[in-house]
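Provided herewith is a single structure, encoded as structure tokens, for subsequent inquiry.
The shown structure was predicted, so the numbers you read here are calculated from the model rather than taken from an experiment.
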Amino acid sequence: MKAIILAAGMGSRLGEHTKDKPKCLVPLNGKPLLEYQLEALRTIVDEIVIVRGYMGESIKYPNVRYVDNPEYATTNMVGSLMAARSEFEGDCILGYSDIVYEPRILESMHDTKCSIGVTVDTDFRDYWEARVGDIQNDSESLQLGNDGKIIQLGDSKPLSTQMDARYVGLLKFNDEGTSAFKAVHDKHAQEQSGKNERWYNSKSFKQAYMTDMIQAIIDEKVDVDAIKVQRGWVEMDTEEDFRLYHEWIRNGMMRKFCDLFGN
């Protein structure tokens with residue numbers, strides 16, 4: 001199995017912390033975010049590919065292959081993944097570079113048989129309220145069907161009834177899944193060629209969010225399974241996250257949400 005980590009973004013919301021380094025190298029409890037991921041992934045995957053962009057030359061780890069996204073400033077997660085299109089095949093775990101997670105999250109992914117699986121946290125509300133103050137702040141929809149499939153995700157400012165779980169930023173594919181992803185991507189790329197208009201919730205197709213791409217796949221009647229977990233992860237996106245997480249590590253509260261830091 002292969003892992004692809006999307007690490008091209010600028011991380012501007014982290015302010016001073018990303019002035020001299022990419023987002024994935026911002027430290028949490030003294031260790032770069034990316035190192036937590038590499039340690040966890042190497043227990044279950046044979047190959048790791050990192051897609052670099054902003055200050056990409058500073059991302060240097062052994063036994064990793066690198067792909068660069070030269071358009072990192074004008075694309076989003078989907079654009080970065082397509083920069084590594086030739087690597088995106090077969091059994092594959094796809095991850096954002098600004099999260100850390102307990103190994104059990106990967107174990108749940110590894111044990112789930114599916115063509116396309118999206119890791120979702122069904123017990124996220126306490127974490128989100130502690131992090132942003134209100135469950136409705138910086139939230140997006142994610143609705144699950146009775147069969148465990150995802151039926152809708154990615155809309156901003158959702159109703160509480162549209163928030164069955166929280167999107168984590170970890171996905172799993174087999175060969176059938178990567179092929180379906182590419183096919184739907186290419187269909188929309190052709191339809192949106194030469195256009196600079198809103199696409200789903202993204203500013204344009206060129207700047208497509210991964211959640212919008214997954215929704216487009218669902219709209220094509222391709223099954224997308226929810227890989228359900230409960231807590232065990234955090235996302236580092238803002239200066240406030242940086243401050244808050246280090247406070248939680250010091251006072252022991254972090255263990256309530258992600259038990260990685262020894263307190």
### Query
Do the side chains of L144 and V222 join up, straight or via other hydrophobic residues, at under 4.5 Å, putting them in one cluster?
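Per the 4.5 Å side-chain linkage, L144 and V222 are co-clustered.
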
### For V67 against A83, the heavy-atom pair lying closest together
CG1-O, 3.3 Å

### Query
Under 6.0 Å from the CD atom of E191, do we count more than 12 heavy atoms belonging to anything else shown?
yes

### Task
Give a yes or no on whether V78 and I218 share a hydrophobic cluster (residues Ile, Leu, Val, Met, Phe, Trp, Tyr; joining criterion: side-chain heavy atoms under 4.5 Å apart).
yes

### Task
Evaluate the ring planes of Y127 and W233, with Trp represented by its six-membered ring, and classify them as parallel (under 30°), tilted (30 to 60°) or perpendicular (over 60°).
perpendicular

### Task
Could you list all the side chain to side chain donor-acceptor pair (under 3.5 Å) pairs where at least one residue sits in residues 76-88, not counting sequence neighbours?
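Only K2-E87, R65-E87, N69-S80, R85-D186 qualify under side chain to side chain donor-acceptor pair (under 3.5 Å).
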
### Query
Any donor-acceptor pair under 3.5 Å linking the side chain of D46 with the backbone of M1?
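A pair under 3.5 Å: yes.
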
### Query
Are V168 and I5 in one and the same hydrophobic cluster, where Ile, Leu, Val, Met, Phe, Trp and Tyr link if side-chain heavy atoms are under 4.5 Å apart?
yes

### Message
Tell me every residue that passes side chain to side chain contact (heavy atoms under 4.5 Å, CB included) with E16, counting only those two or more places apart in sequence or in another chain.
### Response
K19

#### Entry: Side-chain (T112) to main-chain (S108) donor-acceptor, under 3.5 angstrom
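Yes, the answer is positive, given that a donor and an acceptor are paired below the 3.5 Å cut-off.
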
### Query
With A183, which residues qualify under side chain to side chain contact (heavy atoms under 4.5 Å, CB included), at least two apart?
none

### Message
Taking atom NZ as the centre, does K31 end up with more than 12 heavy-atom neighbours from other residues, nucleotides or ligands that are less than 6.0 angstrom away?
### Response
yes

### S58: side chain to side chain contact (heavy atoms under 4.5 Å, CB included) partners, not counting sequence neighbours
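Here the qualifying residues are P22, L25, M55.
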
### Query
I4 and side-chain contact (heavy atoms from CB on, under 4.5 Å): which partner among L171, I93, V51?
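In the set L171, I93, V51, the residue that makes a side-chain contact (heavy atoms from CB on, under 4.5 Å) with I4 is V51.
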
### Residue E176 excluded, over 12 heavy atoms near CD under 6.0 Å
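No, not enclosed.
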
### Query
With side chains defined as the heavy atoms from C-beta onward, is the minimum distance between V184 and M213 less than 4.5 Å?
yes

### Query
Which of parallel (below 30°), tilted (30 to 60°) and perpendicular (above 60°) describes H185 and F205?
tilted

### Sequence neighbours excluded, every pair satisfying side chain to side chain donor-acceptor pair (under 3.5 Å) that has a member inside residues 218-231
D123-R231, D126-R231, K149-D225, K187-E220, Y200-D219, Q215-D219

### Message
How close do M82 and F88 get, counting heavy atoms only, and between which atoms?
### Response
CE-CD2, 4.1 Å

### Message
Run the salt bridge (charged side-chain N to carboxylate O under 4.0 Å, His left out) test against E102 and tell me which residues pass, sequence neighbours left out.
### Response
R104

### Message
Strictly distance-based, threshold 3.5 Å: is any side-chain N or O of T178 a donor or acceptor partner for the main-chain N or O of D175?
### Response
yes

### Listed partners of E35 passing salt bridge (charged side-chain N to carboxylate O under 4.0 Å, His left out), at least two apart
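With neighbours one apart ignored, the set is empty.
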
#### Entry: Main-chain N/O of N201 paired to R198 side chain as donor or acceptor, under 3.5 Å
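It does hold such a pair.
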
### Task
With rounding to the nearest 0.5 Å, note down the distance linking CZ in F173 to CZ in F181.
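Between F173 CZ and F181 CZ, I get 5.5 Å after rounding to 0.5 Å.
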
### Query
Listed by chain and number, what are the salt bridge (charged side-chain N to carboxylate O under 4.0 Å, His left out) partners of D241, not counting sequence neighbours?
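For D241, the residues satisfying salt bridge (charged side-chain N to carboxylate O under 4.0 Å, His left out) (neighbours in sequence not counted) are R131.
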
### Fellow cluster residues of L159, listed by chain then number, with links counted only when side-chain atoms sit under 4.5 Å apart
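Joined to L159, directly or through intermediates: none.
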
### Task
Mind checking side chain to side chain contact (heavy atoms under 4.5 Å, CB included) for I135 and listing every partner two or more places apart, or none if nothing turns up?
F124, R125, W128, E129, M163

### Query
Pairs in or reaching into residues 4-44: which pass ring-ring contact (aromatic ring centres under 6.0 Å, His included), with residues at least two apart or in two chains?
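Listed once each, the pairs are H17-F242, Y36-F261.
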
### Task
Return the set of residues passing ring-ring contact (aromatic ring centres under 6.0 Å, His included) with Y96 (not counting sequence neighbours), or none when no residue passes.
Y167

### Message
Is it the case that the side chain of H246 and the backbone of L28 share a donor-acceptor pair, with hydrogens and angles ignored and the cut-off at 3.5 Å?
### Response
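Judged by distance alone, no pair lies under 3.5 Å.
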
### Query
Any chain of hydrophobic side-chain contacts (each under 4.5 Å) joining I44 to V229?
yes

### Task
Mind checking the CG-CG spacing from D155 to L142? Nearest 0.5 Å is all I need.
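Those atoms lie 10.5 Å apart.
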
### Query
To the nearest 0.5 Å, what is the distance between CD (E57) and OH (Y66)?
12.0 Å

### Task
Group every Ile, Leu, Val, Met, Phe, Trp and Tyr by side-chain heavy-atom contacts under 4.5 Å, then state whether V224 and Y209 land in the same group.
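No.
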
### Message
When you measure from the side chain of Y54 to the backbone of T18, do you find a donor-acceptor pair of N or O atoms at a distance under 3.5 Å?
### Response
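Side chain of Y54 to backbone of T18: a pair is present.
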
### Message
To the nearest 0.5 Å, what is the distance between CD1 on I214 and CD1 on I150?
### Response
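I214 CD1 to I150 CD1: 7.5 Å, rounded to 0.5 Å.
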
